Amino acid sequence: MSAVFQDFVIQHGQTALVMLGRMPGTNGRLIGEPDPEAAKILIDQMEMIREKTQGNLLPEERDLLDRSIAVLQKDFSNVMEIMAQSRSDAESREY
């Protein structure tokens, strides 16, 4: 597997996880408030790379990219659900 491609996928995935509040940043701390919009941009970029490299990746590269996207999409959905529930709970307390 190309080390540059592998590093690209891993770095994009890790950055998206940091933006989702699922992984500490370079300072060793989780971000205060998740930024799902920033994470979504990174996930979309990875999906674009998958589409644009169709048929040109080694099986191991394709597998890494597919697995990374699947994990990030699941974490993104979970964060969005948690944030929606938190907003709903906050609105309920206001009444």
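Remember, it's a predicted structure, so these values are computed and weren't measured experimentally. Basis for what follows: all heavy atoms, side chains included, without hydrogens, waters or symmetry-related copies.
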Practice problem: Give the C-alpha distance, both sets of side-chain angles, the deciding distance and a yes or no for side chain to side chain contact (heavy atoms under 4.5 Å, CB included) between Arg22 and Val79. | Solution: CA-CA 9 Å; Arg22 300 288 199 196; Val79 167; 3.8 Å; yes

Which heavy atom in [X] sits nearest to a heavy atom in [Y], and how many Å separate them?
X	Y	result
Met46	Ser68	CE-CB, 3.7 Å
Ile31	Val18	CD1-O, 3.2 Å
Ala16	Ala39	O-CB, 3.8 Å

Nearest-0.5 Å distance, [atom1] of residue [X] to [atom2] of residue [Y]:
X	Y	atom1	atom2	value
Leu42	Leu20	CG	CG	9.0 Å
Met83	Asn78	CE	CG	13.0 Å
Leu57	Ile49	CG	CD1	9.0 Å
Ile43	Leu72	CD1	CG	5.0 Å
Met48	Thr53	CE	OG1	9.5 Å
Lys40	Met80	NZ	CE	10.0 Å

Self-check item: Listed partners of Gln6 passing side-chain hydrogen bond (donor to acceptor under 3.5 Å, both in side chains), at least two apart
Solution: none

Exercise. Taking the side chain as every heavy atom from C-beta outward, state whether Met19 and Glu37 have any pair of such atoms under 4.5 Å apart.
Key: no

Practice problem: Indicate yes or no: at least one non-hydrogen side-chain atom of Phe5 is less than 4.5 angstrom from one of Leu65. | Solution: yes

Quiz prompt | Under 3.5 Å: donor-acceptor pair, side chain of Glu61, backbone of Ser2 | solution = yes

Self-check item: Test salt bridge (Lys or Arg N to Asp or Glu O under 4.0 Å) applied to Asp66 - qualifying residues, sequence neighbours left out
Solution: Arg50, Arg62

Quiz prompt | Path from Phe76 to Ile82 over hydrophobic side-chain contacts below 4.5 Å | solution = no

Practice problem: Quick one: list whatever passes ring pair (Phe, Tyr, Trp, His ring centres under 6.0 Å) with Phe8, sequence neighbours left out. | Solution: His12

